[in-house]
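What follows is a set of notes on a single structure, which appears directly below.
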Amino acid sequence: KDHAAIYMSLAMAVNFFGYEFGRSGVLTLFTSPVNGFGSPTAYSIAMSCVSPLSFSLVVWYGKILDTYGPKQALRCTSLSCALVMLICGILVHILKQQSSEETNILLWGLSLRKMVIWILFVFQHSYVQLLYSQYWSFLGTIMSASEGARYFSWIAGLSSISSTVAAASVSIAVKKLDLIGLLILSSISLFAATILGDLAYRTYEKHTADPAEERIDKREIKVEKTGLGKQGFMTKALALFQRTPILVLLFLEVINFRTMCAILNLCYVKKLGVDLSEDSDRAAWTGKLYSMVNGTSALLQFIALPSLLKNMPPKWLWRLIPLVPVICSMCQGLQRDPSLMLISICLFSTKCIDYSTRCVANEMVYVSLDFDGRYFGKEIIGVFGDRLGASLIAFFLSLLTYFVGETTIRQLSVMVSISSLCWGVCAYRLSNLVPNK
């Protein structure tokens, strides 16, 4: 069991190592006035497309999980994501070599290159939670609640270290490999993570039962008592949430948190485009920001969080999580013209709390649930719910821009403050159902 946990932890760390390269490359390509979409409105519209794709990925994952089990689901989704990133990266590289953009116009005046970048951006924002949730579902299955309280922060810390190394290397890698090279590195990392994830399942199966066997046993019981085995995706999801109220509050907390993050990200992207015009400068700034985020998160996960998990009930941990991000967002909202540094600090605090503490607090809740809650319910919340908030606010901002005009950074900052307060309320309500141990 210990070796299986190590392999899966390494798979998650390698995945996030590549994700940092992919995130910087995709964001820079998308916001590039030359190769992508320089308008912030395009960013909002693209984010509104993330939720439908995330929902499709969850439905696809659910079918694979029901048919083949968690091992095959992880293998199939990981390989598919790696291939999409690789193919899109190669296509963008080939299309960038073309001298005339007018020769490959497709729809709505968009070139084939911009269409591929659009698809790449939407997919890159959709797939990460699909894989991330599966790594944690496996770890939550093979570990008890007490083992989770002891080791989850270290496992998350390992991913933060790998992300820190990758983010700190972005500025160097982009000069030697160009933006397309970052996408290739991301896909290679996904292939490596697939191998490690497969190795984790094989190692665990040698000594204990396959996690899918737990699902089969419980599913047979449910078929006898309630007939859930014959129900469709939506009916099964509703039944799961009805019998597990804490999943409903988790879903609401995730939506509100991601809504706040989406507005904050849009504010950051907009200010970044105003202050830094060069693609390489924007990629370097984003890489440095996330290297500090991941480095600080790693320190918290290895030093502060183990002590907190040992001495503080999870209920109170959930109540403290929103404190720093809410304070930072209120400071940003009070500024007439927030600087790039202030917005970056607000984003830094939010991401640090998310990566270091909130993700571990989430996993502590899932450990106490049954198989369907840990795998199926977790994917609904982690993939669809995680992107639903971002897509809804992006769609709203797109409509606002169309009917009223472009949203200013000042207005976005006020919206960040309001959404952070809503998230704080949801986190407090969730804490009331979180067990003390």
Side-chain angles (χ1 to χ4, degrees), residues 16 19-28 30-31 40 43-44 46-47 50 121 124-125 128-129 159-160 163-164 166-168 170-171 254 256-276 281-301 321-335 337-359 386-387 389-390 393-394 397 407-424 427:
F16 277 107
Y19 177 73
E20 287 300 327
F21 289 112
R23 170 165 52 190
S24 296
V26 171
L27 180 61
T28 304
F30 188 86
T31 57
Y43 182 89
S44 298
M47 287 302 299
V50 171
F121 178 86
Q124 198 260 346
H125 280 75
V128 61
Q129 287 294 331
S159 294
S160 294
S163 298
T164 302
V170 166
S171 58
V254 166
N256 280 272
F257 178 73
R258 291 306 170 190
T259 298
M260 183 195 77
C261 288
I263 303 172
L264 183 57
N265 273 320
L266 178 59
C267 191
Y268 170 77
V269 169
K270 195 167 186 176
K271 190 66 176 178
L272 192 67
V274 171
D275 288 9
L276 301 174
D281 292 338
R282 292 198 305 275
W285 180 280
T286 302
K288 289 178 182 178
L289 172 63
Y290 279 99
S291 68
M292 290 189 290
V293 167
N294 293 313
T296 305
S297 298
L299 289 176
L300 292 173
Q301 287 160 338
I321 283 174
L323 185 60
V324 175
V326 168
I327 292 174
C328 291
S329 65
M330 294 301 292
C331 292
Q332 179 182 329
L334 292 174
Q335 299 295 316
D337 183 23
S339 64
L340 177 60
M341 180 60 70
L342 179 59
I343 295 173
S344 298
I345 290 173
C346 188
L347 185 62
F348 168 83
S349 65
T350 303
K351 293 294 184 181
C352 278
I353 291 296
D354 184 23
Y355 294 173
S356 65
T357 309
R358 183 177 167 274
C359 67
D386 190 83
R387 299 310 178 195
I393 194 63
L397 290 173
T407 311
T408 65
I409 295 177
R410 164 67 174 158
Q411 292 169 334
L412 290 173
S413 297
V414 172
M415 294 172 67
V416 169
S417 300
I418 296 173
S419 60
S420 69
L421 291 175
C422 294
W423 167 52

Knowing that exactly one of Leu289, Val293, Thr296 qualifies, which makes a side chain to side chain contact (heavy atoms under 4.5 Å, CB included) with Lys351?
Val293
Any chance you could measure Phe348, atom CZ, to Ser297, atom OG, to the nearest 0.5 Å?
7.5 Å
Ile343 side chain near Ile409 side chain, heavy-atom distance below 4.5 Å
yes
What's the verdict on side-chain contact (heavy atoms from CB on, under 4.5 Å) for Gln124 and Val128, showing C-alpha distance, side-chain angles and the deciding distance?
CA-CA 7 Å; Gln124 198 260 346; Val128 61; over 6 Å; no
Of all heavy-atom pairs between Arg258 and Asp354, which one has the smallest distance, and what is that distance?
NH2-OD2, 3.2 Å
Closest non-hydrogen contact found for Ser163 with Phe16 is OG-CB, 3.3 Å
As an exercise, state the distance from SG of Cys346 to CE of Met341, rounded to the nearest 0.5 Å.
13.5 Å
dist Arg23:CZ -> Thr28:OG1 (nearest 0.5 Å) comes out at 11.5 Å
Smallest separation among heavy atoms of Leu412 and Cys267, with atom names:
CD1-CA, 4.0 Å
Note: Thr286 and Ser24 closest approach over all heavy atoms is CG2-OG, 4.4 Å
Note: Trp285 and Leu272 closest approach over all heavy atoms is CD1-CD1, 3.7 Å
Straight-line distance of Met292 CE to Ile345 CD1, nearest 0.5 Å:
9.0 Å
Between Leu264 and the options Val269, Thr259, Leu347, the side chain to side chain contact (heavy atoms under 4.5 Å, CB included) test singles out Leu347
Which heavy atom of Arg358 sits nearest to which heavy atom of Ile321, and what is that distance?
CA-CD1, 3.9 Å
Does Val414 reach the side chain of Arg410, with side-chain heavy atoms less than 4.5 Å apart?
yes
Which distance, rounded to the nearest 0.5 Å, do you find between the CG of Asn265 and the CG of Leu27?
8.5 Å
Spatial distance of atom CD (Gln332) from atom OG (Ser339) [nearest 0.5 Å]:
9.0 Å
Whether the side chain of Ser349 engages the backbone of Pro325 through a donor-acceptor N/O pair (distance < 3.5 Å, no angle test) should be reported.
no
Which of parallel (below 30°), tilted (30 to 60°) and perpendicular (above 60°) describes His125 and Phe121?
tilted
